[in-house]
Structure formats: structure tokens, C-alpha cells
Enquirer: 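To start, I am sharing the structure in question, which I have written as C-alpha cells.
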Amino acid sequence: MNRVIQWVRNFLKYKDLFAQLVIRDIKLKYRRSFLGYLWSVLNPLFTMLIMWVVFSNLFRFDIQYFPVYLLTGQILFGFMSEATNASMLSITGNAGLLKKTYIPKYIFTVSRVTSSLVNLLLSMIALIIVTLITGVPITWRMLWFLVPIIQLYFFCVGLGLFLAQGSVFFRDLQYIWSVIITAWMYITPIFYPISIMPEQLQSLIKFCNPMYAYIAQFRDCILYGVPSGPNLYIAGIGWAMIMMTAGIWSFVKNQDRFILYI
Amino acid sequence: MIKSNLAVDINHATIRFNMASESIFSIKEYFVKLVKGQLMFQEFFALQDVSLQVEKGDSWGFVGTNGAGKSTLLKLVCGILKPFEGTAQVYGSIAPLIELGAGFDPEMTARENVFLNGAILGHTKKFMQEHLDEIIDFAELREFLDVPIKNFSSGMTARLGFSIATMVQPEILIVDEILAVGDYAFQQKCHMRMEKMLSGGTTLLFVSHSVDQVKTLCKHALWLEKGRVVMSGKSAEVCDAYIASKQ
């Protein structure tokens, strides 16, 4: 218990640094580009348009409001991919700072995930535009969109901490991870409906692919305006807790040895 | 010695480093090292059995040749490195000036870096806002406030770093020969500020290759050679012995 209090006190001491790091990431991302933050809206929009053209002409899936279906999946998956890739490099990339000043190391990782979250919230603007254009019925349920995003945020923090400490000792992880992300994208129903999968595979995906739980919850509130079933919450919250535990445990265990490897 | 009087208490500390040497010449050697666990880790002791007790308000200079372990000792005090054996305890707030541009992001402007660096030292944004003018004036960088640090000269970066770290009076000030880069006028300014802090009760840990600087600023000195303590005591005696051994 004492350790928890100590930890919270330490975090509060560095909360301004945390804010500074998040602002730094966001500022530097689009510095010296003409359209700046607008890219956070335009990028998902363009990707969605390409996928829409490809999938509504080449492969036909019978999905209502297909652009919104695509965009909801793609925004959340894009956030996970961006957040994990950025946080994986958060320790090695800040070697200069870590070698010369004492800062709690997890701050770098968590701030990277948080700046990706800000980016995600900016790309919600694209989603609003597409929702209005395609005429998806507007309901109060839509306000629930934060619930899956919060679960996903904690999932990504846990996964990010795990990857960040792993890549310090094992740099090959960054290359392996891009392969895993690609595979993960194809087993997540982003541009196809889960019903095209064989029955057994479906139930496997529903419980073992956390991204499914988050995207399905997100679509339930944005696209269908219905409350999600309990299974989705169990899977979503469960995975977030598992990842947080694994991430924090491995990070705390190894953090004192980082300096020798960066 | 009474514990509460100490600012830094290091007992028999040993620091292990990773040389991360990549001199592998053959596949056979690769596998031999892989099995021995030396592929990613080759140990090297940067400090061995070093003990140091610094009282509050005291000033210590560290002398020694390159690679003697002076900077490593400072990093141990800052908490950046953890001792492999032994203990290191620090009582009080630290302002570390370990290296040029420590805690700066080269892509960001001077103004943004002031806030980033202040946050690293544990100051709030509001506090930094109030002291921004003071920092910039001391560093004499007003025209360059919105220029990215990557376009600064090394002297300008050092001036900004020193000015931020010494803005408030820290309990322990750690300076690792960053003053060598500033011009003469700025060095004098830094000296004055450091002396003012010393008279105000700040503990100073100072590394310099200039033995004269150590003599004038520090009461005590520690002479390190290859990670071991050769001599410690009054700065004049230690410095003279150090100079004598080099001639």
C-alpha cells in the first residue's frame, strides 16, 4: 500500500512533464507541414476512401453504411498500431534524456500512447463528417463511444509498456511487431463482416482477439445505436486488465537494467 | 557522523557497465558468445568500491583522467545509474548539469525547451512561466527564443541549460564540465552564480579538467583513477598530489 502511495505521489510530481511530453509529440508530429493537424482528420478519411473504392467494387460485402463501418474499424485499429509502435521506441528513442537525467521511465511510454489518443480524438472529426454524409441515424447511444476507447487506451498502455521494455533488450522486436500488426489486421473484421468466417473461427476471434471486442463495442454505439452484449465488455475489460498487469510487471522488473542497454 | 547532516552518502558502490562491444569476427565466435551470454552484454566496472560522504553545504570536486569514472559517479548521485553493489543515498533536490543539452529536444524551440526542461526538474508550468524572462535574460538568448535548439551553437545550448538548472536554488548542484564551452564573460557569470549558491548553502559536486577551477570552487576533492578512489580530502592537497603524479 505504501508503495502505491509513493508511486502516486511520484506521478503527481511529474504530471507537468507528462503533459509536456504529450504536447511535444503532438507538436513535432506535424511541425513544418502546411496542413498540420488537419492531417489527423484527412489521413483516416483518405485511407477510408481507398478501402471503400476497393471493397465496394472488387469484393462486395453486404454491409449497410459501409464507409462508417470501415472508418470505425480503421480508426481504432490505426490507434492501436500507432500507439504500440510509438511506445515500443519510447525508451530507446529517449536514450539521450534517460542517460542524463533521472525521470520515471514509464512516463515516456504512457505519454506516447496518450499523444496517439489525442490523435484518435482528432480523427473522430472525420468520423462525424462521414456519419453525417452517409445518413446514419443519430442516437444518444453515440455518446458511449468513449467507453470502448478508454478500454482500448488501457490495453495499449499495457501492451506498450511490455513492448517498450522488450525492445530494449531485444531490438528485433520492432521488425517482428510490424509483421504481427499486419497479420492482426487481417484477422480483425475491419473491412469484412465477421459472419463470413467459419463458425468455430468466429468464436475464437471473439474471445482471443481483443481488437474485435473494442471495435464491435464502438460500432454498436456509433453505427447501430444499441447497447453491447456483456461478452464484449468481459472480453474488452479482461484483455485490458491482462495487458496492464503483464506490462507493468515486466516493466518494473526490468527498468533498472535499461540504462545498460540503451 | 550524523546522518541528517549528509547530502550524499555512497557506501562501497560498484557500477557495472555494458561495453556492448561488437567485435565478433566469425560465426563460431558468435555462437560461443551467444552461449556465454556475452553477445549483448560484456561487463566492465566503471566504479569499484567507491565511498563518499558529502555534508550539506560542502563542495566537492572530482579530478582524474578521461575514463576515470568521474561522470559515472555523478550519474550515480543523480539516480540515473543504480549501484551494482553497495548503496547510494541522496538527501535533497538535485539540479543536474551532466552534459551539454541534457534534457533538451533538438527539434523544439528554446521557449518550448525551457518548459520541457523545467518539467524534468520537477517545476510546474506556471512556475516556469513566471521565470521565463529571468532565464532568457541570464542566458542572453532573447532573439533566439523561437528558434529550434538544433540550430544553436554548443555555447548557446550550454548557457540555456545552466540558466534553467540554476534558476532556483537547488539543494545539490551537479556540474560536469559544461562550463568549458561558454565564452570568458559567461564563464565568469556562471562562477559568480555558483559561488553565490555555495554561500547560500547549496551542496556542489563539480567535475572539471581544470584543476585551478576545482581549487577555487571546492573545499574538498576526490581523485579517481580507473574507477577507484586514489585520494580524497582537502582540495588543495588532492589537486597538488594529482598534478604531481601527472608530471
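Every chain is numbered from 1, with letters handed out A, B, ... down the list of sequences.
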Enquirer: Can you name the one residue among B:Val90, B:Ile10, B:Val50 that meets side chain to side chain contact (heavy atoms under 4.5 Å, CB included) with B:Leu76?
Expert: B:Ile10
Enquirer: With only heavy atoms counted, which part of A:Arg31 is less than 4.5 Å from chain B, the side chain, the backbone, both or neither?
Expert: side chain
Enquirer: Only counting residues at least two apart or in another chain, list the ones meeting salt bridge (charged side-chain N to carboxylate O under 4.0 Å, His left out) with B:Asp49.
Expert: none
Enquirer: Table please: side-chain donor-acceptor pairs of residues 6-22 of chain A below 3.5 Å, with sequence neighbours left out.
Expert:
none

Enquirer: So for A:Ile107, is it side chain, backbone, both, or neither that comes closer than 4.5 Å to the heavy atoms of chain B?
Expert: neither
Enquirer: How far apart are the closest heavy atoms of A:Ser167 and A:Ala164, and which atoms are they?
Expert: OG-O, 3.3 Å
Enquirer: So what's closer than 4.5 Å to chain A heavy atoms on B:Lys125: side chain, backbone, both or neither?
Expert: both
